[in-house]
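If you scroll down you'll find the structure; I have some questions about it.
Just so you know, these numbers come straight off a predicted model, no measurement behind them. Counting convention: from 1, in listed order, for ligands and their atoms alike. Hydrogens, waters and symmetry mates play no part in the numbers below; they use all other heavy atoms, side chains included.
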Amino acid sequence: MRLLVCGGAGFIGSTFVRLRVRDHGDQVTVLDKLTYAGRRENLQEVESEIRFVQGAIEDPLAVADAVAGCDAIVNFAAETHVDRSIADPEGFIVTNMQGTHVLLEAARERGLRYLQVSTDEVYGSIEDGSFTESSPLEPSSPYSATKTGADLLVSSYFHTYALETLICRGSNNYGPHQYPEKLIPLMILNALAGDRLPVYGDGGNVRNWLFVEDFARGIGDTLLRGAPGEVYNCGGPDECDNLTVVRRIIELTGADPGLVEFVTDRPGHDRRYSLSSEKLRALGWRAQVRFDAGLARTVQWYRENEWWWGAIRSGAYREYYERHYGRALKA
Ligand code: NAD
Ligand code: TYD
């Protein structure tokens, strides 16, 4: 296939690009704005085999340049961090909603298949059981609200214009190349450095952990075998509460358990996410990496790849970290 992968320099997008180029021989163009979360280094293993366009998905000219010669668009590009969306939602509306609209128009004009990468957070929180694709959409944060808005717009292009759309909703991803604002890489790098480990609230919030390569395969299966207009959930094989995740990271890194610090909870914090992936399993997808094994692999990767995260930890990330955690950790 000839794919336009938007947001392909980020954590999940770059994993998907490596998989499609190496294992499937797809021709890939990446369109990425290279925000703080996007890095050319994430694509270095396939750099000579892809075309890279730096630009924003909300910019129709950049999209027109990038999409030339492609048969499908896969959209990973997004502002993705819930805490940043609480502090300043505007950029989330521009990228996640307006940007999706520009991409849908590009797909409509050219008759291209369109896959939207989405999240379990559009369903909101669930105490027991798991969300299916027909569960109501009840997003809690500005991040998940903009992802929901984008999903609804995607579905409207199927119903109104018969565009071949697909939506794949993943649960919380973890693995190599994840920007260390998210729980798992943040805790790994803090534990390795002997820094404090800021757990929100009582640490009892539960996430359904999905190794990033499993999600990349699930998105590929949805793109190739999904039925137009349909949504497919892609959930991890294991769930775990945050405090247990942090304790496992402490064991794997040999850090001091006394580094754990309970800090003020995130406003509107969803208690639990859980996805049923039966529909995607019917297309032949299975999660291959259990959480314990994936977490050990992830810790090992961060141990061995300081070249990747060293520059992040000393740059603008420091300012973000101070702004977001400074007061809570000093108190
Ligand atoms: P990420 O933050 O690591 O990467 C996002 C990428 O998008 C970066 O390369 C960034 O430069 C690019 N980008 C941001 N704004 C852009 C714009 N306006 N135009 C072009 N490029 C832009 O994110 P991720 O964790 O890899 O998530 C990728 C997608 O998967 C997102 O749509 C996210 O909502 C979804 N998702 C993430 C998770 C998760 O646990 N991380 C789970 C389910 C779904
Ligand atoms: P996060 O990685 O931000 O993903 P999401 O909010 O999209 O699920 O957070 C995962 C869980 O970890 C969530 O319940 C919030 C919690 N958390 C902390 O307790 N401390 C932290 O420093 C961070 C970043 C997250």
Qualifying residue, where the test is salt bridge (charged side-chain N to carboxylate O under 4.0 Å, His left out) with E239 and the options are R290, R272, R207: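 It is R272, the one option of R290, R272, R207 that forms the salt bridge (charged side-chain N to carboxylate O under 4.0 Å, His left out) with E239.
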Quick check: does E58 get an N/O under 3.5 Å from an N/O on ligand 1?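 It does: an N or O of E58 is found under 3.5 Å from an N or O of ligand 1.
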Relative to atom 14 (O) of ligand 2, which among K182, H269, E181 owns the nearest non-hydrogen atom?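 Minimum heavy-atom distance to atom 14 (O) of ligand 2 goes to H269.
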Nearest heavy atoms of S118 and K147, plus distance in Å: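 Smallest interatomic distance, heavy atoms only, reads CA-CE, 4.1 Å.
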For the residue pair K182 and T80, confirm or rule out a side-chain donor-acceptor distance under 3.5 Å.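 Short answer, yes.
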Regarding ligand 2, does R266 bring an N or O atom to under 3.5 Å of one of the ligand's N or O atoms?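 By distance alone, the answer is yes.
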A56 N/O to ligand 1 N/O under 3.5 Å: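 Min N/O separation from ligand 1 is not below 3.5 Å for A56.
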May I ask you to check if ligand 1 and T80 share an N or O to N or O distance below 3.5 Å?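 There is such a contact, yes.
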Would you say L183 has any N or O atom under 3.5 Å from an N or O of ligand 2, going by distance alone?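 Yes, at least one N or O pair falls under 3.5 Å.
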So, for Y273 and N208, which heavy atoms are closest and what is the spacing to 0.1 Å?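 The pair with the smallest heavy-atom distance is O-CB, 3.6 Å.
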Any chance you could measure I188, atom CD1, to T253, atom OG1, to the nearest 0.5 Å?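 Separation between the atoms: 8.5 Å.
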So for ligand 2, is N242 a polar contact partner (N or O within less than 3.5 Å, distance only)?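 Yes - when backbone and side-chain N and O of N242 are compared with those of ligand 2, one distance drops under 3.5 Å.
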Below 4.0 angstrom from a heavy atom of A77, which ligand 1 atoms are there? Numbered from 1 as shown, please.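 Under 4.0 Å from A77, ligand 1 has these atoms: 7 (O), 20 (C), 21 (N), 22 (C).
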Regarding R323 and the six-membered ring of Y320, is the cationic atom NZ or CZ under 6.0 Å from the ring centre and inside 45° of its axis?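 Cation-pi check for R323 and Y320: fails.
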I'd like to know whether N173 forms a side chain to side chain donor-acceptor pair (under 3.5 Å) with W209, so could you lay out the CA-CA distance, the side-chain angles of the two residues, the decisive distance to 0.1 Å, and finally the verdict. CA-CA 6 Å; N173 275 230; W209 292 103; over 6 Å; no
Which ligand 1 atoms, with their elements, are less than 4.0 angstrom from a heavy-atom of S171?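 Those of ligand 1 that fall under 4.0 Å from S171 are 42 (C), 43 (C).
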Ligand 1 to D32 polar contact by distance, N or O atoms, under 3.5 Å: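 Yes - when backbone and side-chain N and O of D32 are compared with those of ligand 1, one distance drops under 3.5 Å.
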Has ligand 1 got any nitrogen or oxygen that is less than 3.5 angstrom from a nitrogen or oxygen of N172?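 Such a contact does not occur with ligand 1.
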Answer side chain, backbone, both or neither: which part of Y36 comes under 4.0 Å from ligand 1, heavy atoms only.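 For Y36, no heavy atom sits under 4.0 Å from ligand 1.
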Below the 3.5 angstrom mark, is there an N/O of I12, backbone or side chain, next to an N/O of ligand 1?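 Looking only at distances, the answer is yes, because the N/O contact criterion of under 3.5 Å is met.
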Subset of ligand 1 atoms that lie under 4.0 Å from at least one heavy atom of N173: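 Selected atoms, number and element: 39 (C), 40 (O), 42 (C).
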Nitrogen or oxygen of P198 less than 3.5 angstrom from that of ligand 2: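 In this structure, P198 places an N or O atom under 3.5 Å from an N or O of ligand 2.
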Using heavy atoms and a threshold below 4.0 Å, how should the contact between N96 and ligand 1 be classified: side chain, backbone, both, or neither?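 Answer for N96: neither.
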Test item: I219 and Y232 side chains (from C-beta on) under 4.5 Å apart, heavy atoms: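 I219 does not reach Y232 side chain to side chain.
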Atom 14 (C) of ligand 1: which of A78, G175, C168 has the nearest heavy atom?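 Of the listed residues, A78 has the closest heavy atom.
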Sub-3.5 Å N/O-N/O distance, N75 and ligand 1: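 Checking ligand 1 against N75, no N or O pair falls under 3.5 Å apart.
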Within this structure, what is the CG-SG distance for the pair L115 and C6, rounded to the nearest 0.5 Å?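 The CG atom of L115 sits 11.0 Å away from the SG atom of C6.
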For atom 44 (C) of ligand 1, the option (of G170, G10, S118, G91) bearing the nearest heavy atom: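 Checking each option, the heavy atom nearest atom 44 (C) of ligand 1 is found in S118.
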Between T119 and ligand 1, does any nitrogen or oxygen pair lie at a separation below 3.5 Å?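 Min N/O separation from ligand 1 is not below 3.5 Å for T119.
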Mark up the atoms of ligand 2 that fall under 4.0 Å of a heavy atom belonging to V199, in ascending order.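 Near V199, the atoms of ligand 2 are 19 (O).
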If the cut-off is 4.0 Å to any non-hydrogen atom of Y143, which atoms of ligand 1 fall inside it?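 Ligand 1 atoms under the 4.0 Å threshold to Y143: 33 (C), 34 (O).
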N or O contact, K147 vs ligand 1, cut-off under 3.5 Å: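 Yes - when backbone and side-chain N and O of K147 are compared with those of ligand 1, one distance drops under 3.5 Å.
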Can you confirm whether more than 12 heavy atoms, excluding those of Q27, are under 6.0 Å from its CD atom?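 Open.
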Is the NZ or CZ atom of R40 positioned over F52's six-membered ring, under 6.0 angstrom from the centre and within 45° of the axis?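 Yes, R40 and F52 form such a contact.
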Minimum heavy-atom distance between D270 and S140, given as atom pair plus value: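 Closest pair (atom of D270, atom of S140, distance): OD1-OG, 2.6 Å.
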Counting from 1, what ligand 1 atoms have a heavy atom of G55 closer than 4.0 Å?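 Listed by number with element, the hits are 19 (N), 20 (C).
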M187 side, atom CE; L252 side, atom CG - distance, nearest 0.5 Å: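 So the CE of M187 and the CG of L252 are separated by 14.5 Å.
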Is it true that E251 and R248 make a salt bridge, defined as a side-chain N closer than 4.0 Å to a carboxylate O?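 Here E251 does not pair with R248 in a salt bridge, since their nearest N and O are not under 4.0 Å apart.
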Output yes when the distance from some N or O of ligand 2 to some N or O of E121 is under 3.5 Å, and no in every other case.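 For ligand 2, there is an N or O atom that lies under 3.5 Å from one belonging to E121.
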In terms of atom number and element, which parts of ligand 1 are under 4.0 angstrom from non-hydrogen atoms of F76?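 Once the distances to F76 are compared, the set is 28 (C), 29 (C), 31 (C), 32 (O).
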L34 heavy atoms, cut-off 4.0 Å: which ligand 1 atoms fall inside?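 Counting atoms of ligand 1 from 1, those under 4.0 Å from L34 are 11 (O).
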Just verifying a value: how many Å separate L104 CG and T165 OG1, rounded to the nearest 0.5 Å?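 Result: 8.0 Å between the selected atoms.
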Which of the atoms in ligand 2, numbered in the order shown and given with their element, are less than 4.0 Å from a heavy-atom of Y325?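 Going through ligand 2 atom by atom, the ones under 4.0 Å from Y325 are 21 (C), 22 (O), 23 (C), 24 (C).
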Mind checking the CG-OG1 spacing from L152 to T100? Nearest 0.5 Å is all I need.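 The OG1 atom of T100 is 11.5 Å from CG of L152, to the nearest 0.5 Å.
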For residues Y174 and F291, establish whether the separation of their ring centroids is below 6.0 Å.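 Ring centroids of Y174 and F291 are less than 6.0 Å from each other.
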Close-contact set for ligand 1 against F11 heavy atoms, below 4.0 Å: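 Under 4.0 Å from F11, ligand 1 has these atoms: 3 (O), 25 (O), 26 (O).
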Would Y200 count as being in polar contact with ligand 2, using the rule that some N or O on each side must be under 3.5 angstrom apart?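 It does: an N or O of Y200 is found under 3.5 Å from an N or O of ligand 2.
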Looking at non-hydrogen atoms alone, which of N172, D120, D83 comes nearest to atom 4 (O) of ligand 2?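 Nearest option to atom 4 (O) of ligand 2, by heavy atoms: N172.
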